Amino acid sequence: MSSVRVRFAPSPTGPLHIGGARSALFNWLFARHYGGTFIVRVEDTDLERSSRQSEENILDALRWLGLDWDEGVDVGGPYGPYRQMERLELYKKYADYLLNSGAAYLCYCSEEELAADREALMAKGELPLYLGRCRNLTAEERAKLEAAGRRPVVRFRVPENDVVLVRDLVRGDVSFEGSEIGDYIIVKSDGIPTYNFAVVVDDHTMKISHVIRAEEHLSNTPRQILLYNALGWETPVFAHVSLILGKDRSKMSKRHGATSIEQYQNRGYLPEALANFLALLGWSPGSEEEIFSPDELKQQFTLERVAKSPAVFDLDKLNWLNGHYIRETDLERLTEMALPHLEKAGYISTPLSTEKYELVKMMVAAVRKYLSYMQETAEHVKIFFTDDVQIKEEEAREIMAGDQVKVVLQELIKKINVTVTDEIKTDEARALLKEVGRDLGLKGKQIFMPVRVALTGSTQGPDLNQVMAILGRAGVVRRLSKWI
RNA sequence: GGCCCCAUGGUCAAGUGGUCUAAGACACCGCCCUUUCACGGCGGUAACCCGGGUUCGAAUCCCGGUGGGGUCACCA
């Protein structure tokens, strides 16, 4: 595999989808594993739905995921341009070639006629293939149709009785009957190529060595192979990766919840965790490990270990994996990631003073072990932003009804006021609590629980010492005083 | 419906004819750790879709069925 050249070719018609992201990731990992070239090409021939806006979004999402490309729409390269709408003359050239060689022909059927044909065939229970009305038009007939204002499409003449074999790296050999294909359009009446044609011209002219894409394209592949043959080109190696399914085992779609990369980014997932998770959907290293840094993935990824069967997207597992990364990663980075969510929740407003920032950092440190993704930070740090402590649990209420409660809180307040400055360090908090217990002859739950509930309103939550450190002397005293 | 793909626990998956009384992970349950919850540690429940072959021997190979998925556009 001397010159591996692979591409990710999204059509800019919406945000980057989970499935697209995985295809991109597999291509990228494959390229990096073999020291090849990764290309990003934009397939924007669907004028109706394409936009520069989504192109930018997709590129941003890819970058966020940690992918980089050697050639592509924004970085250029020797085989550009990398946007299909900027390659129109190229397609024209090859379409003319096919027309001249007789491998393709002009078709003047209107969309209405075609729709009617299709319907009639379906009604008879037959395959809705093109009837071939324009297959052998004479020059006069063409002129007549032109004169009538008909704009032709270019149709590829599918060889009859041909069997097309797709040699697929993950599926093995798959064969299709040519008779089931039917002449298909390669250039629309507005002169813009269709997917099946443009993709072939591009993959060939960009010297793509391996086409790694989702299984939904498998049935398009014979059409493309026929085109390679007609053009006298060698086919790339194909590898069709199975689909990612939703919980109900149908293709991932909106109703399955968050399906765009953007949404995961916005919820505060770590890109390397998402990449790790996506890599494990349909690929496995064969070992028992499953936490892989991008570098490790590049090193271990091969197409041979890509599974054939579709995989259900399991949010629970993603959450677990992301939580794992959250616990491992740098606190500074996590704090930065938490900021927008805290601001959105109305707890802070950004530019933060150094002091405030440090405080937020302490909060993040205290709650990170509870998080699956950073957006959840807000609900967990809520307790630090309001002195109006609400008790919701019955158990907490019972605790506060204890006989010793008032004394304990009073004692704590007393000690805090005489022993510390405005700041409370966590070990100071620990010592303080211990002292209270010792002086009062109480232990364990009897002192910690009332303090916890008085401070946070709940019997559960972050480490009490950290809570006190975050609240500071003033905050602690304020909250405890309400119970005196 | 035609064509195509797929089929190991609820989910991701290891497994390529014997070492499978089938690994690991998520989820779930239990125990431990712990001034709470969580994290972490330990343990547990749980699977080779069905039926025929081939073979001394099949989760692994073949055929059929069933189930799931994809695709059948002047979308990509």
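Each chain gets a letter, A, B and so on, in the order its sequence line appears, and its residues count up from 1. If you're wondering where the values come from, they're calculated on a predicted model, not measured in any experiment.
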Rounded distance in Å between the [atom1] positions of [N] and [M]:
| N | M | atom1 | answer |
| --- | --- | --- | --- |
| B/rA23 | B/rG15 | C1' | 8 Å |
| B/rG64 | B/rG43 | C1' | 43 Å |
| B/rA38 | B/rG30 | P | 11 Å |
| B/rU8 | B/rG67 | C1' | 15 Å |
| B/rU21 | B/rA58 | P | 12 Å |
| B/rA7 | B/rC48 | C1' | 10 Å |
| B/rC39 | B/rC75 | C1' | 48 Å |
| B/rC49 | B/rU60 | P | 8 Å |

Identify whether any heavy atom of [X] sits under 4.0 Å from a base atom; if not, whether one sits that close to sugar-phosphate; answer base, sugar-phosphate or nothing.
| X | answer |
| --- | --- |
| A/Ser175 | sugar-phosphate |
| A/Gly437 | nothing |
| A/Glu111 | base |
| A/His217 | base |
| A/Phe176 | sugar-phosphate |
| A/Arg213 | nothing |
| A/Asn319 | nothing |
| A/Thr45 | sugar-phosphate |
| A/Arg118 | sugar-phosphate |
| A/Val153 | base |
| A/Ser284 | sugar-phosphate |

Going by distance alone, is a donor N or O of one side chain under 3.5 Å from an acceptor N or O of the other, for [X] and [Y]?
| X | Y | result |
| --- | --- | --- |
| A/Thr221 | A/Arg213 | yes |
| A/Glu272 | A/Ser293 | no |
| A/Ser250 | A/Asp248 | yes |
| A/Tyr130 | A/Asp117 | no |

Examine distances only and state if a side-chain atom of A/Asp203 and a backbone atom of A/Ile208 form a donor-acceptor pair shorter than 3.5 Å.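 No; zero donor-acceptor contacts below 3.5 Å.
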
May I have the distance from [X] (atom [atom1]) to [N] (atom [atom2]), rounded to whole angstrom?
| X | N | atom1 | atom2 | answer |
| --- | --- | --- | --- | --- |
| A/Leu243 | B/rA7 | CG | P | 14 Å |
| A/Glu288 | B/rC12 | CD | C1' | 14 Å |
| A/Asp190 | B/rC75 | CG | C1' | 13 Å |
| A/Arg150 | B/rC74 | CZ | P | 15 Å |
| A/Arg223 | B/rC4 | CZ | C1' | 11 Å |
| A/Lys308 | B/rG68 | NZ | C1' | 17 Å |
| A/Ile225 | B/rC3 | CD1 | P | 19 Å |
| A/Asn276 | B/rC26 | CG | P | 13 Å |

(request) Measure centre to centre between the rings of A/His210 and A/Phe30, then say whether the value is under 6.0 Å. (result)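 Yes, the ring centres sit under 6.0 Å apart.
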
(message) Measuring centre to centre across the rings, with the benzene-like ring taken for any Trp, is A/Phe197 within less than 6.0 Å of A/Tyr184?
(response)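 Centroid separation for A/Phe197 and A/Tyr184: 6.0 Å or greater.
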
Nucleotide paired to [N] in any strand shown, Watson-Crick or G-U, under 3.5 Å:
| N | value |
| --- | --- |
| B/rG51 | B/rC63 |
| B/rG40 | B/rC32 |
| B/rG9 | none |
| B/rG18 | B/rC56 |
| B/rA73 | none |
| B/rA46 | none |

Does the side chain of [X] get closer than 4.0 angstrom to OP1 or OP2 of [N] through an N or O atom?
| X | N | answer |
| --- | --- | --- |
| A/Arg171 | B/rG69 | no |
| A/Lys251 | B/rG69 | no |
| A/Lys188 | B/rC75 | yes |
| A/Arg249 | B/rC12 | yes |

Both A/Ser287 and A/Ile192 contact RNA chain B. Taking the nearest nucleotide for each, which residue is further toward the 5' end?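 In this pair, the answer is A/Ser287.
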
query = Between A/Asp316 and A/Phe313, who's closer to the 5' end of RNA chain B by nearest nucleotide?
reply =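 In this pair, the answer is A/Phe313.
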
Under the side-chain hydrogen bond (donor to acceptor under 3.5 Å, both in side chains) rule, collect the residues that match up with A/His217, sequence neighbours excluded.
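Applying side-chain hydrogen bond (donor to acceptor under 3.5 Å, both in side chains) to A/His217 gives A/Tyr195.
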
Taking only the side-chain heavy atoms of [X] (C-beta and beyond), determine which of [options] contains the nearest atom.
| X | options | result |
| --- | --- | --- |
| A/Leu218 | B/rA13, B/rC5, B/rG2 | B/rC5 |
| A/Leu245 | B/rC3, B/rG10, B/rG69 | B/rG69 |
| A/Asp314 | B/rC4, B/rG10, B/rG24 | B/rG10 |

Ring pair (Phe, Tyr, Trp, His ring centres under 6.0 Å) partners of residues 104-123 of chain A, not counting sequence neighbours, each pair once: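 Non-adjacent pairs meeting ring pair (Phe, Tyr, Trp, His ring centres under 6.0 Å): zero.
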
With sugar-phosphate taken as primed atoms, P, OP1 and OP2 and all else as base, the protein-contact string of nucleotides 33-41 of chain B at under 4.0 Å (heavy atoms; B, S, -) is --BBBBSS-

### Task
Flag yes if more than 12 heavy atoms outside A/Lys382 fall under 6.0 Å of its NZ atom; otherwise flag no.
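No, not enclosed.
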
Trace of the side chain to side chain donor-acceptor pair (under 3.5 Å) decision for A/Asn276 with A/Tyr325 = CA-CA 10 Å; A/Asn276 191 157; A/Tyr325 275 85; 2.6 Å; yes

Test for a donor-acceptor pair under 3.5 Å between the base of B/rA76 and the side chain of A/Asn220, counting only N and O atoms.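 When only heavy-atom distances are counted, A/Asn220 does reach the base of B/rA76 through a donor-acceptor pair under 3.5 Å.
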
- Does a distance-only test, which skips hydrogens and angles, find a donor-acceptor pair under 3.5 Å between the side chain of A/Ser219 and the base of B/rC3?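 No, no donor-acceptor pair under 3.5 Å.
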
Hey, does A/Pro193 have a side-chain heavy atom less than 4.5 Å from the side chain of A/Lys188?
->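 No - every pair of side-chain heavy atoms lies 4.5 Å or more apart.
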
